[in-house]
Amino acid sequence: MQQATAFAKNLGLEMNDMGGIKVDQFGRTSVKGVYANGDNTSAPPQLVIAASERSKAAIGVITDFVEEIF
């Protein structure tokens, strides 16, 4: 897999062995406050997987906001 643009690289995001953006279980990248999911993080691109990953990333965003506030 290859990213369509250099956007992720320009942000300084760490990439995985398959050419996708490296994320944790909640879509957090190596740059604080930047989240990724779906076709940007894994291959092969599949709608069902992308939808599932978006839900997990949303949980990560909400969790980080709550921890920051409290």
Side-chain angles (χ1 to χ4, degrees):
M1 174 169 78
Q2 184 175 348
Q3 296 293 315
T5 67
F7 184 73
K9 185 177 180 181
N10 291 342
L11 281 178
L13 300 178
E14 189 175 343
M15 306 303 278
N16 62 33
D17 294 337
M18 297 185 336
I21 299 169
K22 189 172 184 179
V23 296
D24 70 4
Q25 65 184 359
F26 295 115
R28 296 179 188 107
T29 67
S30 56
V31 176
K32 185 176 178 165
V34 178
Y35 301 80
N37 56 61
D39 296 349
N40 292 311
T41 61
S42 63
Q46 294 182 2
L47 180 60
V48 173
I49 293 171
S52 170
E53 288 182 358
R54 284 175 179 82
S55 295
K56 292 188 290 185
I59 292 168
V61 170
I62 292 167
T63 300
D64 290 349
F65 281 142
V66 169
E67 288 178 356
E68 188 175 303
I69 293 169
F70 297 104

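Numbers for residues simply follow the sequence, beginning at 1. The basis for the numbers below is simple: all heavy atoms, side chains too, and nothing from hydrogens, waters or symmetry mates.
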Least distance between heavy atoms, [X] atom then [Y] atom:
{"X": "V31", "Y": "L13", "value": "CG2-CD2, 3.4 Å"}
{"X": "G27", "Y": "A57", "value": "CA-CB, 4.3 Å"}
{"X": "K56", "Y": "Q25", "value": "CB-O, 3.6 Å"}

Point-to-point distance, once rounded to the nearest 0.5 Å, from [atom1] of [X] to [atom2] of [Y]:
{"X": "Y35", "Y": "T41", "atom1": "OH", "atom2": "OG1", "value": "15.0 Å"}
{"X": "F26", "Y": "D64", "atom1": "CZ", "atom2": "CG", "value": "9.5 Å"}
{"X": "R28", "Y": "I21", "atom1": "CZ", "atom2": "CD1", "value": "16.0 Å"}
{"X": "M15", "Y": "D17", "atom1": "CE", "atom2": "CG", "value": "11.0 Å"}

### Message
By the definition side-chain contact (heavy atoms from CB on, under 4.5 Å), identify the one residue from T29, N16, N37 that meets it with V23.
### Response
T29

